[in-house]
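Ligands are counted one by one from 1 in listed order, and the atoms in each one are counted from 1 as well. FYI, side chains are in, hydrogens and waters are out, and symmetry mates aren't considered; it's all heavy atoms of this structure.
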Amino acid sequence: MKITVDPVTRLEGHLKIEVEVEGGQVVAAWSSGVMYRGFEVLLKGRDPRDAIHLTQRICGVCPVSHGLAAAKAVEDSFSYRVTDQTRLMRNLILGANYLQSHLLHFYHLAGLDYVKGPETPPFTPRVESDYRLPSEVSQAVVEHYVKALEMRRKAHQMGAIFAGKLPHLPAFAPGGVTETPTAEDVWTFGRYLDELRDFIEHVYLPDVQTIGQAYSDYFQLGKGPGNYLSFGAFDQPGGHLLPRGAWIEGHSEALDTSLIVEQVAHSRYEADPGGRHPANGETRPQLDKEGAYSWLKAPRYAGRVVEVGPLARMWISGEYRNGTSVMDRHVARALEARKLAAAMQEWLGQLTLNRKGYTPAQMPKAGMGEGLVEAPRGALGHWLEYQGGGISRYQVITPTCWNASPRDDYGQPGALEQALLGTPVADPENPIELLRIVHSFDPCLACAVHCIELKR
Ligand code: NFE
């Protein structure tokens with residue numbers, strides 16, 4: 001039989017999942033982004049600096065990552081190097097966004113797959129689950145769900161201190177961050193960071209442990225392709241806090257972005273056999289293409305299907321290599337939140353008070369650039385080319401495009417499609433097993449796609 005979940009709720013954007021079940025197990029899976037993004041097209045002809053602000057509108061959850069990737073692509077086009085003060089401010093703004101995003105994912109998106117909420121909207125209607133926590137434990141996690149909303153607000157405020165506002169910050173520019181940290185800024189940021197570190201240590205990590213113990217079978221379910229990719233994030237002298245690299249067929253490799261290809265055999269874009277590197281990428285939508293079932297292209301690294309995100313980063317750094325399952329994704333994300341929050345404390349102490357984070361940069365009229373960053377959900381790249389002061393080519397590959405991609409030119413299913421294979425589904429009317437697997441990737445289809453054609 002076929003099970004279709006459309007849309008999958010409690011993720012950002014619109015994702016459709018279809019699976020074929022035989023003998024109680026998933027034997028085939030299709031992941032479809034059902035909307036078109038097209039930002040690449042509307043950027044054509046604009047000033048490259050506009051990309052820093054327009055691409056943030058791709059998503060309200062991770063605008064910092066898009067703004068930063070665009071700023072880095074512009075800076076890369078004329079080999080501009082930012083100051084230490086800029087680096088620290090960008091790290092703190094991106095860090096604040098990561099903390100709110102990781103809490104959002106665990107408490108507000110994935111948590112209710114395991115914890116029974118109150119019998120009232122927005123907790124109902126729901127796909128019923130085999131809820132396993134004793135009611136008082138469940139009740140405590142629901143209280144943490146509410147507290148996490150306040151923690152996320154504080155994380156947004158932290159980012160806004162150095163970014164001007166959030167979401168969609170105005171302060172990124174080629175040449176830095178147009179804010180100047182004061183003693184009051186640093187004090188306020190530090191006070192909120194203390195609260196977040198306390199919440200991560202004493203609430204988030206223990207809740208992940210509680211759910212991991214009660215649902216320990218999910219350390220065996222939803223296994224990804226086992227290949228990982230990270231573009232590296234949080235610049236430090238000589239490297240990144242979250243390292244750049246790849247893990248392919250059991251081996252660690254240095255990142256080589258020339259090995260990236262996006263293929264479209266099963267995507268709603270004009271046929272382009274073999275695919276393209278994003279620096280030469282095209283965005284030519286074709287709604288009714290035969291055999292296509294997604295608006296996501298299929299990015300591949302060295303021909304391989306790779307998983308991106310916190311588990312990929314913790315795996316590549318060697319800090320967490322327990323497994324590639326649903327629960328491993330939750331554990332890696334929580335451990336990463338703790339590690340990052342500790343590093344943010346250090347960076348805050350390294351800021352120079354009352355020193356600008358911005359040095360005006362003279363832009364050339366033509367150039368090409370690559371902007372790489374790790375967004376909370378994984379590897380994010382922006383590729384830019386401009387001539388006569390206007391953008392001639394722009395391509396974005398988001399983390400969710402890597403994870404939720406459709407089949408590629410060679411028929412290889414994407415990472416999420418692979419993770420669904422072999423999953424036992426106890427009740428096709430309530431396919432909670434599928435939702436737990438999908439949610440563990442923290443997909444954001446808003447990042448991946450945008451417009452929809454309504455058929456009335
Ligand atoms: Ni819309 Fe995003 C992150 C990016 S995911 S949340 O993290 O880029 O495709």
Side-chain angles (χ1 to χ4, degrees), residues 7-8 10-15 31-40 51-52 54-73 93-106 108-110 152 155-156 159 166-169 172 229-234 242 260 262 278 294-299 306-313 329 332-333 336-337 340 370-383 394-406 414-416 438-451:
V8 181
R10 281 191 281 109
L11 49 76
E12 301 96 347
H14 297 260
L15 174 70
S31 159
S32 306
V34 299
M35 298 201 297
Y36 168 61
R37 183 179 64 214
F39 266 63
E40 290 85 350
I52 297 168
L54 294 178
T55 61
Q56 288 187 54
R57 272 70 190 173
I58 287 174
C59 179
V61 178
C62 65
V64 178
S65 309
H66 284 288
L68 189 52
K72 281 174 176 276
I93 296 165
L94 182 63
N97 183 252
Y98 260 65
L99 298 185
Q100 79 78 23
S101 183
H102 284 9
L103 292 178
L104 160 73
H105 176 257
F106 184 70
H108 305 131
L109 302 177
R152 288 180 51 216
H156 270 311
L166 274 171
H168 306 136
L169 59 105
F172 280 176
L229 185 70
S230 167
F231 287 165
F234 301 103
L242 309 182
I260 298 172
E262 280 200 295
S294 182
W295 283 106
L296 276 66
K297 296 179 186 174
V306 297
E307 175 171 347
V308 301
L311 177 60
R313 293 188 288 255
R329 291 186 192 99
R333 193 175 287 108
E336 181 179 81
L340 174 60
E370 175 179 74
L372 305 179
V373 70
E374 281 290 305
R377 283 156 195 75
L380 171 66
H382 285 207
W383 285 265
Y394 206 97
Q395 286 291 311
V396 174
I397 304 183
T398 63
T400 296
C401 209
W402 289 102
N403 285 338
S405 72
L416 170 53
V438 173
H439 283 148
S440 71
F441 284 91
D442 194 2
C444 174
L445 279 292
C447 268
V449 289
H450 263 109
C451 311

Chemist: Can you name the atoms of ligand 1, numbered from 1 with element, that are less than 4.0 Å from a heavy atom of A375?
Modeler: 3 (C), 4 (C), 7 (O), 8 (O)

Chemist: Which atoms of ligand 1 sit under 4.0 Å from any heavy atom of T400?
Modeler: 5 (S), 9 (O)

Chemist: Which atoms from ligand 1 have a heavy atom of C59 less than 4.0 Å away?
Modeler: 1 (Ni), 6 (S)

Chemist: Could you check whether any side-chain N or O of S294 sits under 3.5 Å from a backbone N or O of G33, counting only pairs where one atom can act as donor and the other as acceptor?
Modeler: yes

Chemist: Can you name the atoms of ligand 1, numbered from 1 with element, that are less than 4.0 Å from a heavy atom of T398?
Modeler: 9 (O)

Chemist: Answer yes or no for H66: is there a heavy-atom contact with ligand 1 below 4.0 Å?
Modeler: yes

Chemist: With a cut-off of 4.0 Å, which atoms of ligand 1 are near a heavy atom of C444?
Modeler: 1 (Ni), 5 (S), 6 (S), 9 (O)

Chemist: Please report the interatomic distance CD(E374) to CG(L94), rounded to the nearest 0.5 Å.
Modeler: 10.0 Å

Chemist: For the residue pair R10 and H108, confirm or rule out a side-chain donor-acceptor distance under 3.5 Å.
Modeler: no

Chemist: Return the set of residues passing salt bridge (charged side-chain N to carboxylate O under 4.0 Å, His left out) with E370 (not counting sequence neighbours), or none when no residue passes.
Modeler: none

Chemist: Just checking, R377 and F441: is the charged tip under 6.0 Å from the six-membered ring centre and within 45° of the axis?
Modeler: no

Chemist: Please state which part of L380 comes within less than 4.0 Å of ligand 1, counting heavy atoms only: side chain, backbone, both or neither.
Modeler: side chain

Chemist: Could a heavy atom of S65 be found less than 4.0 Å from some atom of ligand 1?
Modeler: no

Chemist: Using a cut-off of strictly less than 2.8 Å, determine whether C62 has an N/O/S atom near atom 1 (Ni) of ligand 1.
Modeler: no

Chemist: Using the side chain to side chain contact (heavy atoms under 4.5 Å, CB included) definition, which of the options L296, I397, L380 pairs with W402?
Modeler: I397

Chemist: Between F39 and Y394, is the ring centroid distance below 6.0 Å?
Modeler: no

Chemist: List ligand 1 atoms under 4.0 Å from R377, heavy atoms only on the residue side.
Modeler: 3 (C), 5 (S), 6 (S), 7 (O)

